[in-house]
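Right, one structure below, let's go through it.
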2 protein chains.
Amino acid sequence: MNTSSRFTVGIHILTLLAYGGGEAMTSEYMAGSVNTNPVVIRRLLSLLRAARLVTSQGGPGGGWQLARPARGITLRDVYLATEGNTLFPMHPNAPNPRCPVGSTIQSALSGHFDDARHALEQQLGQTTIADLVQEVKTQPR
Amino acid sequence: MNTSSRFTVGIHILTLLAYGGGEAMTSEYMAGSVNTNPVVIRRLLSLLRAARLVTSQGGPGGGWQLARPARGITLRDVYLATEGNTLFPMHPNAPNPRCPVGSTIQSALSGHFDDARHALEQQLGQTTIADLVQEVKTQPR
DNA sequence: ATATGCGCAACTAGAATGGTTACTAGTTAC
DNA sequence: GTAACTAGTAACCATTCTAGTTGCGCATAT
């Protein structure tokens, strides 16, 4: 497996929060839906909070809420919050600077990589968490 | 480290082969440009060969060649050969089937993930190895 | 006060990646 | 035929990442 499941699970819990209708939801409850440990969920939620997608509140009755309406959160937002800019890692060691290709390939690639990343994010920006709530509600169990 | 550099290094060595003009090139030479071990390069080349992008030949004067003109090899081809379908891994454990969201989120996501993957590959398909050779040749050292 | 729920550090197991050595087998040149 | 060369591949190692788990501190609502 190449990348992490953070993106997928992040979408899952944001959809849960939106599906819940605005009530604060605990990490323990979400862990029950994702089928994992609450600490794993809290680690992921802290990334989403850093991206201003959710807020947290301690104490009884506390938990997590969306920071803005589900209609205003896209998969692009979730992707950037959970995966950042790790799509196309460069060489593990610097290429040979005395080789015509090695000395220039990375700068030649960076523009094309930016274009590809942009195309991906543009498409992810077309889908909102509200769309997913709708799909979940209309989908046959 | 999150993902692999196979895609980037794969583009590098295909560009090297195209830059070389058609002569057979050894994995040892390529390793010198990438600044790594020849076995690492051969492992990567075996993936590219499985995708019919290169051919190999043993013995003195042997080495590796492009299987078709650089103009006909796109970054999409290299991406699929080196990374396959690992862009959006699903949950590590199956979500809770008794939760309305958990039971449906994966099938709801698959269509959107396909769309995003397609947008990425479509953009990668716009650039050929021949384009990169041209950029490398015209770029200032 | 007490129970609740987040915050976070620490540790573990498993997998992937990249690097390295060593050996086999086939091909070319002489 | 022999020697040199190159790919093919298995085995092993160190590093890093992911996910899971335990434990404890802290804030808050009742």
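Sequence lines set the chain letters: A, B, ... in the order given, protein chains first and strands last, and positions in each chain run from 1. Bear in mind that the values here come from a model prediction, so they are computed numbers and not experimental data.
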Atom [atom1] of [X] and atom [atom2] of [N]: how far apart are they, to the nearest Å?
X      : N       : atom1 : atom2 : result
R43(A) : dT21(D) : CZ    : P     : 11 Å
E23(A) : dG5(C)  : CD    : C1'   : 16 Å
L47(A) : dC8(C)  : CG    : P     : 12 Å
N37(A) : dA19(D) : CG    : C1'   : 9 Å
H91(B) : dG20(D) : NE2   : C1'   : 16 Å
N93(B) : dG20(D) : CG    : C1'   : 9 Å
L48(A) : dG7(C)  : CG    : C1'   : 16 Å
Y29(B) : dA7(D)  : OH    : P     : 14 Å

Sub-4.5 Å side-chain heavy-atom contact between [X] and [Y]:
X       : Y       : value
Q123(B) : Q123(A) : no
I105(A) : S33(B)  : no
R6(A)   : L47(A)  : yes
Y79(B)  : L120(B) : yes

Using the ring of each side chain (for Trp, its six-membered ring), is F113(B) parallel, tilted or perpendicular to F7(A), with breaks at 30° and 60°?
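Because their plane-to-plane angle is under 30°, the rings of F113(B) and F7(A) count as parallel.
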Using atom types as modelled and distance alone, determine if a side-chain donor or acceptor of S5(A) lies under 3.5 Å from a backbone N or O of P89(B).
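No, S5(A) side chain to P89(B) backbone: no donor-acceptor pair under 3.5 Å.
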Taking Q126(A) for its side chain and Q122(A) for its backbone only, find out whether a donor-acceptor pair lies under 3.5 Å.
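Present.
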Side chain of V39(B) (C-beta onward), nearest among dC6(C), dA22(C), dT18(D)
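It is dA22(C).
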Check nucleotides 3-6 of chain D for protein N or O atoms closer than 3.5 Å to its own N or O atoms and list the pairs.
{"unit_1": "dT6(D)", "atom_1": "O4'", "unit_2": "G59(B)", "atom_2": "O", "d": "3.3"}

Indicate whether OP1 or OP2 belonging to dG8(D) is found under 4.0 Å from a side-chain N or O atom of S56(B).
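Affirmative; the distance criterion is met.
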Nearest-nucleotide wise, let me know which of N35(A) and S46(B) is further upstream toward the 5' end of DNA chain D.
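The answer here is S46(B).
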If you look at every strand shown and take non-hydrogen atoms under 4.0 Å, does T36(B) touch a base, only sugar-phosphate, or nothing?
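If one applies the 4.0 Å heavy-atom cut-off, T36(B) turns out to touch the sugar-phosphate alone, with no base involved.
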